[in-house]
2 protein chains.
Amino acid sequence: MSVVIPVVPRIVAGRIAHCESCGVRARSVCANLPEGDLMRLASISTVRQCGPGEVIMMEGEPAASYHNITSGFVRLHKSLPDGREQVTGFARPGDFLGLASEDNYGVTATAIGPVTLCRFPRDRFRTLMHALPTLEDRLLGVASHELVIAQERMLLLGRKTARERVASFLLDLAPPCGETGVILLPMTRTDIADYLGLTIETVSRTLSAFRREKRIDMKVPNQLVLVDRNGLSRIAQASAL
Amino acid sequence: MSVVIPVVPRIVAGRIAHCESCGVRARSVCANLPEGDLMRLASISTVRQCGPGEVIMMEGEPAASYHNITSGFVRLHKSLPDGREQVTGFARPGDFLGLASEDNYGVTATAIGPVTLCRFPRDRFRTLMHALPTLEDRLLGVASHELVIAQERMLLLGRKTARERVASFLLDLAPPCGETGVILLPMTRTDIADYLGLTIETVSRTLSAFRREKRIDMKVPNQLVLVDRNGLSRIAQASAL
DNA sequence: CGACGCATTGATCGCGCTCAAATGTCGTGG
DNA sequence: CCACGACATTTGAGCGCGATCAATGCGTCG
C-alpha cells in the first residue's frame, strides 16, 4: 500500500491492457469471463496511469469512461459548494469505478499515490456488456454489494458516535478475521475524517484513546496493529456486515 | 399517500399478479419487457399484502424473496443493538426491494400504512433474470441509480447541518420542479429523523423555523407546501442530484 | 538548517441531543 | 356532537459530544 510502483517496465499510457496476465482479474468484474469474451474486453481497454492527487473522474462531468483499478488506491468523494467534503469510499486494486454514474459521474475519484487503471470508453463498454451476460451479471453483483456497504455506512454516519465510527473503520480495514497483521493506511487523517464524517482532530484523539486503552498499537501514523479486536468490535456495535 | 386501499375488490394474497394491467409497470423493473417475458415474470410472482408496521423483510435473514411495490410506502432501515435506527430510504410504488442483499437481507423493510407487493421467489427470479437480458439490464440501472442516491445521502449524513438536511429532504420529496403542489408526508417525524440522522425534536424545530421564515406552509403536521423553493434550495446546498 | 505538510494535543465553543412539559390530532364511545 | 384517552408533534431549558481555534511535535525535502 502506498505502493511505489517499480518504475522498471514503465507502462506507456494508452497501451492495450494485457488481461491474461492481470494480477487483479480474480477480484475484478472481468473475473470468470470466457477467454474469448476477455479478449473482446481487452480490445476496448487502454492503460491509464495517474499520479498522487490526480483526478480520475470528476463529479458532475459527463461519464465518458469506466475504469478498473489495477494498482494503487483511490478516494471517492463528493463535496459541497463551501468546500466540505464527504469521502464516499476508498477503492482498491480490482475495484470498478463508474458504476455509481448516470449520464454524469456521481462522485469524484482521486488517486491516493500512484494508480494504474484499465480504462473502458463508456459506449463501447456498455455495448459489450449487453453482449456478455456474464459481465453484466457480475456488474449487478458488484453494484448490489456496493449498495449493502453504502447502507451500512449510512448507519455509521447517521447514528454512530465518534468512537464507534473509528472502531468500525479499523475493523473494516482489517483482514477478514483472526489475523493480527499490520494494517497500512494509504490515506491521510483528513481522508479518514472525511470518510467518517468527523474532523481530523477527533480521528486523531480517538486513535490516541484506543492506543492508551491498549486496543491498538501505532508506532508511526499510517501503520497500526489491532491488539484487542474483540474490544474494538464491541465498541463498533458490529453489525452483520 | 397514507392511501387507504379501496377495500372493494380485496385481492387475495398469493394470487398471481396481473402484470398487463399493473399501474406501476412503467416505473418498475418490469417496464419495457417484451410481452412474452412479462408473462414469464408474472408466472413466478404472487401478490402480497401488508398492514401498517408489518415487516416485509428483515435485516440479516435469508434473502428468500424479491418484491416490487404496487401500492403504499415502505421504510427501509437498519438498527444498532441498542435500538438506534437509521432509515436508509423510503420506497414508493414501483420500487424494487431486495437489490441491496447478498444471501441475507441488508436492511429491514417495514410497511408504512397498507402496502401491496409483487413477490418473486429469489431463485426463480434470478434464473429468469439470467434468461432475460432486458430485465437484468434494468436491474443494473436501478442499482446504479440507487448507488448515486446513496452517495448523495452519505454527503448529507456526514457533512450537512440540520437545516441543510431538512431542506434537502423537502426538496427531494417535492415534485420534479416548478410545481408548488402540496407535499404529503406518509411517514412520521420519527421516520424523518431516523432518515436524516437527527432527533424528532430537531426535525420539528427546523420545520417550525422554516415556517416562521415563510419558506414552507404547514397547517397539519403531515401536509406541507413549499413556498420559497429557491430559499430552501440555497439552504440545502443543493448538489447535482 | 529552515520550511513545509501532516499529526497530535490542549482549550473553548456551539449545534444538536436529552430531558421535560405543553399542545395538537384523531379515533372511540357515550 | 362532545368528552375522553392515546399518541404524535411542538416547544422549552440545559447539557455534552464533537467542532473550532490554537499551539506544538515530528518527519521529509530543498
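Note that the structure is a prediction, hence the values are computed from the model and not measured. In what follows, every chain begins at residue 1, and chains take the letters A, B, ... in the order their sequences are listed.
A residue-by-residue look at B/Ala162 and A/Thr190 shows that A/Thr190 has its nearest nucleotide of DNA chain C further toward the 5' end.
Per the geometry, CZ belonging to B/Arg159 stands 15 Å off C1' belonging to C/dC15, to the nearest Å. Rounded to whole Å, atom C1' of C/dC6 lies 12 Å from atom CG of A/Asp191. Atom CD1 of B/Ile112 and atom P of D/dA8 are 14 Å apart (whole Å). Atoms CD1 (B/Ile192) and C1' (C/dG16) sit 17 Å apart, rounded to a whole Å. Regarding A/Arg189, its CZ atom lies at a distance of 10 Å from the P atom of C/dT9, rounded to whole Å. With rounding to whole Å, A/Arg212 atom CZ is found 11 Å from C/dT8 atom C1'. If you measure from atom CZ of B/Arg84 to atom P of D/dC17, you get 13 Å, rounded to the nearest angstrom. Going from atom CG of B/Asp194 over to atom P of C/dC17 covers 11 Å, rounded to whole Å.
A heavy atom closer than 4.0 Å to some atom of DNA chain D occurs in B/Glu201, B/Ser204, B/Arg205, B/Ser208, these being the qualifying members of residues 200-208 of chain B.
With hydrogens and angles ignored, the 3.5 Å screen pairs no side-chain donor or acceptor of B/Arg119 with any backbone N or O of B/Arg48.
Looking at heavy-atom distances under 4.0 Å, B/Met187 makes no contact with the nucleic acid at all.
The side chain to side chain contact (heavy atoms under 4.5 Å, CB included) check on B/Asp228 picks up B/Arg215, B/Asn230, with sequence neighbours excluded. Not counting sequence neighbours, the partners of B/Glu164 by the side chain to side chain contact (heavy atoms under 4.5 Å, CB included) test are A/Arg84, B/Lys160, B/Thr161, B/Gln237. By the side-chain hydrogen bond (donor to acceptor under 3.5 Å, both in side chains) test, B/Thr206 pairs with no residue at all, sequence neighbours left out. Partners of A/Met58 by side chain to side chain contact (heavy atoms under 4.5 Å, CB included), not counting sequence neighbours, listed by chain and number: A/Val55, A/Glu61, A/Thr108.
The distance from the CG atom of A/Leu155 to the NE2 atom of B/His77 is 12.0 Å, given to the nearest 0.5 Å. Here A/Ser101 contributes atom OG and A/Glu59 contributes atom CD; the two are 10.5 Å apart, rounded to the nearest 0.5 Å.
For the helix from C/dC1-D/dG30 to C/dG30-D/dC1, the terminal axes (five pairs an end, C1' atoms, rotation from four pairs onto the next four) enclose an angle of 30°, given to 10 degrees.
Between A/Phe73 and A/Phe90, the ring centre distance reaches or exceeds 6.0 Å.
Of the candidates D/dT10, D/dA19, C/dT8, D/dA19 carries the atom nearest the A/Thr199 side chain, counting heavy atoms from C-beta on.
Shortest non-hydrogen contact noted between B/Pro221 and B/Leu185 is O-CD1, 3.9 Å.
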